[in-house]
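Remarks on the structure that follows.
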Amino acid sequence: MAPHKAPDASRRSDRSRRAIYDAALALVGESGYRRTTIEGIAARAGVGKQTIYRWWPSKAAVLMEAFLDLAARAAEEAGPQAGGAEHGIPDTGDLAADLKLVLRATVDELNDPLMEAPTRALTAEGIVDAKLGAEFVAKLLDPQLALYVTRLRAAQEAGQLRADADPRIALELLIAPLTHRWLLRTLPLTHAYADTIVDYALGGLAPRP
């Protein structure tokens, strides 16, 4: 007889953690942040609620970690050509092309049903819950925005942007219109819109003769 193999506790824990992530994201997308509960997450994931409390101190911590994991997987699937956080924004020497590539990837991410519902729910809750909003910014948004700052500063050094332009303000000219249209659903969020934002923003940031 083959020797009996003991269950792999780490593999079981990974499966449970993944199930909890998926359950948390599904519930916050379906019911919103406030109606999502630890009990509901546990029931959807098929685990005891004590399992969740053993790993996380609160519902917010579960959802934040689940969302960060989702964002990391999306960036990994997009690959370096789309400017995933691990790789930074591409620097081909053509700033407009590089920014359009990244903004198009952002459009695809915001339009992805898997990403849209939890992103919208956490963004909305972060507006009224200052602590959650600050955590959302610090753990997710700031690392992504830092990539834009790095790329825009490189463009300044190459003489492609005005030397007196503030990269932190410049990146908001790119990101804010996408966020506004997506949050308020004023008009469709498309690649063509992303390209136009880059053209308009760079037109005002180019060196003055």
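What's counted below: heavy atoms across the whole structure, side chains too, no hydrogens, waters or symmetry copies. It should be emphasised that the depicted structure is a prediction, and the values quoted were computed from it without experimental measurement.
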Just by modelled atom types, is the [Y] backbone N or O under 3.5 Å from a matching donor or acceptor in the [X] side chain?
X: Arg73; Y: Leu68; value: no
X: Glu30; Y: Ala117; value: no
X: Thr51; Y: Val47; value: no
X: Gln156; Y: Arg162; value: yes
X: Asn111; Y: Leu189; value: yes

Kindly compute the distance separating [atom1] ([X]) from [atom2] ([Y]), expressed to the nearest 0.5 Å.
X: Leu152; Y: Ile89; atom1: CG; atom2: CD1; answer: 7.0 Å
X: Leu110; Y: Arg120; atom1: CG; atom2: CZ; answer: 8.5 Å
X: Leu63; Y: Leu25; atom1: CG; atom2: CG; answer: 7.0 Å
X: Asp195; Y: Thr190; atom1: CG; atom2: OG1; answer: 8.0 Å
X: Ile169; Y: Leu174; atom1: CD1; atom2: CG; answer: 12.5 Å
X: Tyr193; Y: Thr196; atom1: OH; atom2: OG1; answer: 9.0 Å

Tell me, please, which residues at least two apart from Arg168 pass salt bridge (Lys or Arg N to Asp or Glu O under 4.0 Å).
->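 Partners of Arg168 by the salt bridge (Lys or Arg N to Asp or Glu O under 4.0 Å) criterion, ordered by chain and then number, come out as Glu172.
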[X] and [Y]: which non-hydrogen atoms are nearest, and at how many Å?
X: Pro207; Y: Gly159; answer: CG-O, 3.3 Å
X: Glu65; Y: Arg17; answer: OE2-NH1, 3.2 Å
X: Glu125; Y: Tyr33; answer: CG-CD2, 3.1 Å
X: Pro90; Y: Asp98; answer: O-OD2, 3.0 Å
X: Thr186; Y: His180; answer: CG2-CE1, 4.1 Å
X: Ala194; Y: Val107; answer: CB-CG2, 4.0 Å

Indicate every side-chain donor-acceptor pair of residues 129-138 with a distance under 3.5 Å to a residue at least two apart or in another chain.
residue	atom	partner	partner atom	Å
Asp129	OD1	Lys131	N	3.2
Asp129	OD1	Leu132	N	3.1
Glu135	OE2	Lys139	NZ	2.8

Could you walk me through whether Asp22 and Arg44 pass the salt bridge (charged side-chain N to carboxylate O under 4.0 Å, His left out) check?
-> CA-CA 9 Å; Asp22 293 342; Arg44 175 73 71 95; over 6 Å; no
Could you walk me through whether Asp199 and Lys100 pass the salt bridge (charged side-chain N to carboxylate O under 4.0 Å, His left out) check?
-> CA-CA 9 Å; Asp199 290 339; Lys100 287 177 181 180; 3.0 Å; yes
hydrophobic_cluster_shared for Leu178 and Leu147, side chain cutoff 4.5 Å =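 Yes, Leu147 and Leu178 fall within the same hydrophobic cluster.
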Would Tyr21 and Tyr53 show up in the same hydrophobic cluster when neighbours are defined by side-chain heavy atoms closer than 4.5 Å?
->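 Yes, because Tyr21 and Tyr53 connect within a single hydrophobic cluster, where side-chain heavy atoms sit under 4.5 Å apart.
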Is the closest side-chain heavy-atom distance between Val149 and Arg153 below 4.5 Å?
->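 Side chain of Val149 against side chain of Arg153, heavy atoms only: contact under 4.5 Å found.
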Looking at side-chain heavy atoms only, is the closest gap between Tyr200 and Pro177 below 4.5 Å?
->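 Tyr200 vs Pro177: side chains apart.
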Can you tell me if CZ on Arg35 sees more than 12 non-hydrogen neighbours from other groups inside 6.0 Å?
->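 No.
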